[in-house]
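Down below is the structure, laid out as structure tokens.
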Amino acid sequence: MKTTAATVAETGVFPSLFETQEKFADELDRLVTKDMDRLYYVKEKLTRELWSEEKNKLNKLLDQEFQVYRLKSTQVNKYGEITIDKILITVFNVKPGDKVLIPM
């Protein structure tokens, strides 16, 4: 079966151009390496030269692991409890009606 724009529009599924994730990553690497030898028209320099100048200005990443989470605001009920994932948890040092932030 030949894939056309119409079949993609009907199914919402794009055909895979690469058999594995590794082949996809290899192809991206090849294209990026090729693109580094392109002349950047504004500064009239090779992209590789511009990258070597700019990469020294980048901030270093932290050595410690960064925990990703989001905060959710919830209100303390009249019994001093909050609900997290349908579980009641008693909180202290807050008044009923106060809002507290909980990590999700």
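One is the number of the first residue; the rest follow in order along the sequence. When reading the values below, keep in mind they use all heavy atoms of this one structure, side chains included, and skip hydrogens, waters and symmetry mates.
Legend: residues meeting side chain to side chain donor-acceptor pair (under 3.5 Å) with Asp35, ordered by chain and number and at least two apart, are Arg38. Remark: Lys72 engages no residue in a side chain to side chain donor-acceptor pair (under 3.5 Å) (not counting sequence neighbours). Remark: Arg70 pairs with no residue by the salt bridge (charged side-chain N to carboxylate O under 4.0 Å, His left out) rule, at least two apart or across chains. Applying the side chain to side chain contact (heavy atoms under 4.5 Å, CB included) test to Leu31 and every residue at least two apart in sequence or in another chain returns Glu27. Every residue meeting the salt bridge (charged side-chain N to carboxylate O under 4.0 Å, His left out) condition with Glu53, not counting sequence neighbours, appears here in chain and number order: Lys45. Residues forming a salt bridge (charged side-chain N to carboxylate O under 4.0 Å, His left out) with Lys34 (at least two apart in sequence, or on another chain): none. Remark: Asp37 engages Arg48 in a side chain to side chain donor-acceptor pair (under 3.5 Å) (not counting sequence neighbours).
We find the OG1-OH distance between Thr90 and Tyr79 to be 12.5 Å, quoted to the nearest 0.5 Å. With rounding to the nearest 0.5 Å, the separation of CD in Gln75 from OG1 in Thr83 is 11.0 Å.
Through direct or indirect side-chain contacts shorter than 4.5 Å among Ile, Leu, Val, Met, Phe, Trp and Tyr, Leu71 is connected to Tyr69, Leu101. Through chains of ILVMFWY side-chain contacts below 4.5 Å, Phe66 is grouped with Val68. If you chain together ILVMFWY residues whose side-chain heavy atoms come under 4.5 Å of each other, Val94 ends up grouped with Val76, Ile82, Ile84, Ile87, Ile89, Val91, Val100, Ile102, Met104.
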Problem set entry | side chain to side chain contact (heavy atoms under 4.5 Å, CB included) assessment of Met36 paired with Leu46 | CA-CA 7 Å; Met36 292 292 274; Leu46 289 178; over 6 Å; no
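The stretch residues 19-57 participates, sequence neighbours left out, in these ring-ring contact (aromatic ring centres under 6.0 Å, His included) pairs: Phe18-Phe24. Every pair tested for salt bridge (charged side-chain N to carboxylate O under 4.0 Å, His left out) that includes a residue from residues 76-103 fails, sequence neighbours excluded, so the list is empty.
Open room surrounds CG on Asn93; 12 or fewer heavy atoms of other groups in view lie less than 6.0 Å from it.
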